[in-house]
Number of protein chains: 2
Amino acid sequence: MSPKKISKGLNREEFIENLSYDSVIFGFNGEQLKILILEYHNTGLFALPGGFVRRNESLDDAVKRGLKERTGLDHIYLEQFHTFGGLKRSDARAMRRILEKNGLDIKDHEWMLDRFLSIAYYALINYEKVVPIPDALSDSINWYAIDELPPLMMDHRQIVATALEVLRNNLEKKLVGMNLLPSKFTMKQLQRVYEVILGEDLRRTTFQRRLLGMNILDRHEKLFQGKAHKAPYLYSFKSSNTDNIKQL
Amino acid sequence: MSPKKISKGLNREEFIENLSYDSVIFGFNGEQLKILILEYHNTGLFALPGGFVRRNESLDDAVKRGLKERTGLDHIYLEQFHTFGGLKRSDARAMRRILEKNGLDIKDHEWMLDRFLSIAYYALINYEKVVPIPDALSDSINWYAIDELPPLMMDHRQIVATALEVLRNNLEKKLVGMNLLPSKFTMKQLQRVYEVILGEDLRRTTFQRRLLGMNILDRHEKLFQGKAHKAPYLYSFKSSNTDNIKQL
DNA sequence: GTATTATTGTAACAAAATGAGACAATAGGA
DNA sequence: TCCTATTGTCTCATTTTGTTACAATAATAC
């Protein structure tokens, strides 16, 4: 979890206590699956973007609010996948260090050192449309390939692992590609999305036949890439599948 | 959610505030899928069994503790499936009524009228092994067929619907039958479990061939039911599948 | 005993989905 | 003009699933 607006006085009464959320924000750069990771000022500590829930806002709204602040995007595909409630997951020492390095009074923020349960969400976004923005306590937010993550705080490594597992299970059901790719894409790009999520190579011909057979794609003009070979068609998801753009 | 040990002084400091859990406890009586529902004293209010999380216990432990109290069973198959965090889900009026009808001082329990986020779990249990026990605020706890539920408090109807949806998705992956049936069962019983969860009839021969083909069942002696037809074999899940008895 | 009945286990064949190659089409480079 | 890498599609083999058929059999009726 990552507190926000501390400098403006993040005060205990405003938020539900002992509760935070964390978000695993997936993007696809055409080749790799990546997620957004925050680095806290002068601490060498890396964490998932997260935040707290206001007393008068719904959980989903809280997460959407945080996501909007980190990515500038509205209407993001969001899915809640697990609540982490272990006793040992919180790390008061790391939290204290983050507060100190940000020049904040520990006494005012003692509640942040307490135990937290955290509700985890994953988001799927169009990588190209985002310029990530760090939060108040962090000096950077960057994309990291899913298999090249820095060491993460607390149980965030576990949260990412669970997110990936759930994403894998939802791959077929939820038309995941729709939310990770630009609106028009080649069959190869779509296949690549499937491959990085499943972590295995797929047979080109079978994949193509299967996806076309599902009757969820529209074919458009060819994409001339300036390469010395046949140009692929561009495809898009049929608009009748728009109901799969779940945005909570 | 359903507070416990109120009479002995359920006090605010002991628990994480604004947070509860609810459990959808599935059982199979050989014919129907059922769940356990509490009825609160003299209120006509029905609810899922639930409770609060102690400050010094993990979320999973809290749910296990509550389940043990309701069913007397240890080592129950448990799966967390969603956290409900809407603003409107709490119902202070109903809560007040429950407290009043139980002769409890509202002032001492004002925190219970506040907003709650609730983490929902489902449990799968062997119907035959359970004698359900109501909690301190309830006068009864009973099995209800999944399609004959009484009107439930707050968003509990939605919680049940989501539980069923998730259970359906997990049916193939998680060897659900193993946890709803006695250790030995006929192919027909197993098929019936699949049918009530999926909500559709399955072809007998295809089902049998597919399940046997999975190589997860051991065949045992025949079961003579005293009926005028061929006796079915009894089956059990191979012990090598014991890792699917997830108990958190 | 013997025929009857309902259900079970399995085989047999058809239909559908998937795996594995092969091949023609083609955009740009040599 | 030929060459190269990639794409779209077809074919045939293999696997999985749908559908029907049928023999085996435990209790009952006679």
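Below, chain A is the first sequence line, B the second, and so on; all start at residue 1. This one's a predicted model, so the numbers in the text were calculated from it and none came from an experiment. Because only heavy atoms are used, hydrogens play no part in the values below, and waters and symmetry mates are left out as well, while side chains stay in.
- Ranked by how close their nearest DNA chain D nucleotide is to the 5' end, B/R210 and A/R219 are led by A/R219.
- Residues A/S118 and A/R89 are in side-chain contact: their nearest non-hydrogen atoms beyond the backbone lie under 4.5 Å apart.
- Within the 4.0 angstrom heavy-atom criterion, only backbone atoms of the sugar-phosphate kind lie near A/G226; the bases stay farther away.
- We find that CD of A/Q208 is positioned 16 Å from C1' of C/dA20, with the value rounded to whole Å.
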Got a list of protein N/O to nucleotides 11-13 of chain D N/O distances below 3.5 Å?
none

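- B/L211 places its CG atom 12 Å from the P atom of C/dG9, with the value rounded to the nearest Å.
- Atom P of nucleotide C/dT8 and atom CZ of B/F207 are separated by 13 Å, given to the nearest angstrom.
- Heavy-atom nearest nucleotides on DNA chain C were determined for A/Q225 and for B/A231, and the one closer to the 5' end corresponds to B/A231.
- The minimum heavy-atom distance linking A/H41 with A/S138 is given by the pair NE2-O, 3.4 Å.
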In a table with atom names and distances, give each donor-acceptor pair under 3.5 Å that connects a side chain of residues 159-168 of chain B to protein atoms at least two apart or in another chain.
unit_1, atom_1, unit_2, atom_2, d
B/T162, OG1, B/Q158, O, 3.0
B/T162, OG1, B/Q158, NE2, 3.0
B/R168, NE, B/I197, O, 2.7
B/R168, NH2, B/I197, O, 3.3

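- Atom CG in A/N215 sits roughly 13 Å away from atom P in C/dA17 (whole-Å rounding).
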*Would you please test A/V130 and A/I25 for side-chain contact (heavy atoms from CB on, under 4.5 Å) and show each step?*
CA-CA 11 Å; A/V130 172; A/I25 305 169; over 6 Å; no
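- Judged as a side chain to side chain contact (heavy atoms under 4.5 Å, CB included), and not counting sequence neighbours, B/S183 has no contacts.
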Between the protein and nucleotides 2-5 of chain C, list the N/O to N/O atom pairs that are separated by less than 3.5 angstrom.
unit_1, atom_1, unit_2, atom_2, d
C/dT5, O2, B/A228, O, 2.8

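- In this entry the distance linking NZ of A/K227 with C1' of D/dA5 reads 10 Å, nearest Å.
- A tilted orientation is assigned to the rings of A/F237 and A/F185, their planes being inclined by 30° to 60°.
- Look at A/K188 and you won't find any side-chain N or O under 4.0 angstrom from OP1 or OP2 of D/dT6.
- The only member of B/V24, B/L59, B/L67, B/D22 that meets side-chain contact (heavy atoms from CB on, under 4.5 Å) when paired with B/Y121 is B/L59.
- Residues A/L149 and A/I35 meet the side-chain proximity criterion, which asks for heavy atoms closer than 4.5 Å.
- Computed from coordinates, the B/F224 CZ to C/dT7 P distance equals 17 Å when rounded to whole Å.
- An OP1 or OP2 oxygen of D/dG8 is reached within less than 4.0 angstrom by no side-chain nitrogen or oxygen of A/K230.
- The side-chain hydrogen bond (donor to acceptor under 3.5 Å, both in side chains) test with B/S236 singles out one residue from B/R219, B/K184, B/H220, and that residue is B/H220.
- Atom P of nucleotide D/dT16 and atom CG of B/L212 are separated by 15 Å, given to the nearest angstrom.
- Under the side chain to side chain contact (heavy atoms under 4.5 Å, CB included) criterion, B/Q191 pairs with B/E195, B/L202, B/R204, B/F207, sequence neighbours left out.
- Classification of the A/F26-A/Y122 ring pair by plane angle, with boundaries at 30° and 60°, yields perpendicular.
- Between B/L217 atom CG and C/dT10 atom P the separation is 12 Å, expressed in whole Å.
- Sorted by residue number, the members of residues 191-206 of chain B with any non-hydrogen atom under 4.0 Å from DNA chain C read B/R204, B/T205.
- With respect to B/R210 and B/E172, a salt bridge is recorded, a charged nitrogen being found less than 4.0 Å from a carboxylate O.
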